[in-house]
Trainee: 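What follows is a structure written as structure tokens; I'll ask about it next.
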There are 2 protein chains.
Amino acid sequence: MTTLEKNTPLEENSRRMELVRAAAKLFRDQGYERTTVRDLGNAVGLQSGSLFYHFRTKEEILVAVMALGISSTTEQLERAIAKAGSTREKLSALFHVHLNSLLGDNQAALEVMLYEWRSISEAAKPGLILLRDRYEALWQAVLDEAAAAGLVKPDTRLLRRTLLGSLHWSVQWYRKDGELSVDKLADRMLDLVLIEQSK
Amino acid sequence: MTTLEKNTPLEENSRRMELVRAAAKLFRDQGYERTTVRDLGNAVGLQSGSLFYHFRTKEEILVAVMALGISSTTEQLERAIAKAGSTREKLSALFHVHLNSLLGDNQAALEVMLYEWRSISEAAKPGLILLRDRYEALWQAVLDEAAAAGLVKPDTRLLRRTLLGSLHWSVQWYRKDGELSVDKLADRMLDLVLIEQSK
DNA sequence: GTCTATAGCATGATAGAC
DNA sequence: GTCTATCATGCTATAGAC
């Protein structure tokens with residue numbers, strides 16, 4: 001692998017991937033700026049200088065973390081929607097996939113995407129915005145379908161934004177060791193947005 | 001003012017306050033870690049060394065920014081609730097005060113509170129948590145009253161958390177130069193949470 | 001592919017003059 | 001109360017050996 005090929009999109013089980021996963025946890029816990037390349041090296045058993053064989057800059061690691069977080073969540077959501085039988089099930093999938101990704105064991109990456117945006121250079125933003133838009137388009141389509149079916153209120157663009165805000169914020173208060181499971185939380189959040197059916 | 005008195009809670013029109021307001025904007029735009037004491041000095045026409053006459057550390061400035069943001073919003077909400085005539089008006093005040101504070105001209109401070117929490121040392125957290133709890137208690141009381149009146153769904157603790165998440169997230173997408181005013185946005189967000197009355 | 005060593009620079013904070 | 005000067009440290013990234 002030459003220096004010019006460092007932007008290779010994805011490789012499982014590689015050193016690069018191992019590094020990205022470790023970086024996701026460190027960036028989430030300490031923040032990107034407070035995490036040094038020495039911290040990153042320690043986390044995977046490398047000297048700080050050796051990192052720069054795998055990534056050109058520290059920011060390139062941050063971008064890789066974010067891209068991983070958003071694109072893996074998008075893929076999960078696409079699969080869940082494809083498998084859903086009804087509009088109601090698709091709506092439910094939005095909540096379950098998002099929360100399991102955000103609050104699940106292996107998904108510090110998505111959290112980093114939400115809270116370290118300011119550290120992304122202008123040059124790197126367009127690519128990440130594309131990934132984010134693809135994810136939000138999935139949401140929009142399902143919400144539009146649900147509104148047409150009378151399940152949720154018709155102001156779906158604002159609804160999408162408020163719901164995503166609600167879900168994102170859960171990382172600030174949800175505790176895994178509490179009594180509320182992630183899936184139960186998803187169901188209760190869904191209940192809050194469903195229009196009550198008058199008979 | 002001696003060194004020992006640097007924790008004086010509040011002073012209007014002081015150099016300290018001027019610095020806190022400038023710091024709020026810088027911390028919001030660049031992040032706390034990326035903002036240097038030299039940046040802070042420049043913003044108020046001081047050399048970096050001179051800052052440390054007013055604050056012992058850079059973190060002390062961050063804490064002051066957050067305390068200002070949350071406590072001034074709390075005071076505004078207290079006044080608005082006291083003035084409200086009905087439960088419905090109190091509910092409306094939650095949205096209008098929060099969004100005007102968060103998205104208004106002079107309130108970068110509240111945004112910093114939301115996004116720089118990780119940079120706060122353990123020693124400084126309890127005081128800020130106290131301020132936050134006071135604010136959220138106001139919300140909880142109004143939501144409980146609104147649920148009792150049938151205006152919103154009864155799961156008010158989760159409702160409080162999802163609503164605050166929705167409102168916080170608005171800083172990520174709301175544009176002041178757009179067609180939607182802050183107060184109109186508050187009304188539409190309120191509409192999304194109100195239970196539709198069956199006749 | 002990883003190491004050691006370090007260049008080159010920015011950082012938060014302090015000391016003492018005024 | 002602000003300035004100048006600077007200390008001590010930490011940072012990202014590079015160079016070259018292995």
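Throughout, protein chains are lettered first and strands after them, A, B, ... in sequence-line order, and every chain is numbered starting at 1.
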Trainee: Between A/R56 (CZ) and D/dT12 (P), how many Å, whole number?
Mentor: 18 Å
Trainee: Does A/Q47 have a side-chain nitrogen or oxygen under 4.0 Å from the phosphate oxygens OP1 or OP2 of C/dT2?
Mentor: no
Trainee: Rounding to an integer number of Å, can you tell me how far B/L40 CG sits from C/dT11 C1'?
Mentor: 13 Å
Trainee: Check whether any side-chain N or O of A/S50 sits under 4.0 Å from OP1 or OP2 of C/dG1, and answer yes or no.
Mentor: no
Trainee: Closest nucleotide of DNA chain C for A/G45 versus for A/R38: which of these residues is on the 5' side?
Mentor: A/G45
Trainee: Between P on D/dT4 and CG on B/L51, what's the gap in Å once rounded to a whole number?
Mentor: 14 Å
Trainee: Grab the CG-C1' distance between A/N42 and C/dC3 for me, whole Å please.
Mentor: 14 Å
Trainee: Phosphate oxygens OP1/OP2 of D/dT2: is one of them under 4.0 Å from a side-chain N or O of B/R15?
Mentor: yes
Trainee: Quick one: label B/T35 by what it contacts on the DNA or RNA (base, sugar-phosphate, nothing), any heavy atom closer than 4.0 Å.
Mentor: sugar-phosphate
Trainee: Would you mind checking if A/K153 and B/D191 are paired as a salt bridge, meaning a charged N to carboxylate O distance below 4.0 Å?
Mentor: no
Trainee: Do other residues, nucleotides or ligands put more than 12 heavy atoms under 6.0 Å from A/R132 CZ?
Mentor: yes
Trainee: Between atom CD1 in B/I61 and atom P in C/dA13, what is the gap in whole Å?
Mentor: 9 Å
Trainee: Figure out the OH/P separation between A/Y32 and D/dC11, and round it to whole Å.
Mentor: 13 Å
Trainee: Between A/R157 and A/E136 (salt bridge meaning N to carboxylate O under 4.0 Å), is one present in this structure?
Mentor: no
Trainee: Whole Å only: how far is the CZ atom of B/R34 from the C1' atom of D/dT12?
Mentor: 13 Å
Trainee: Any Lys/Arg nitrogen of A/E116 or B/R118 sitting under 4.0 Å from an Asp/Glu carboxylate oxygen of the other?
Mentor: yes
Trainee: Is there a chain of hydrophobic side chains (I, L, V, M, F, W, Y, each step under 4.5 Å between heavy atoms) that links A/V193 to B/I195?
Mentor: no
Trainee: For C/dG1 and A/Y53 - does any side-chain N or O of the residue sit under 4.0 Å from the phosphate oxygens OP1/OP2?
Mentor: yes
Trainee: On DNA chain D, compare the nucleotides closest to B/G49 and A/T36; which residue's is nearer the 5' end?
Mentor: B/G49
Trainee: In whole angstroms, how far is the P atom of C/dT11 from the NZ atom of B/K58?
Mentor: 9 Å
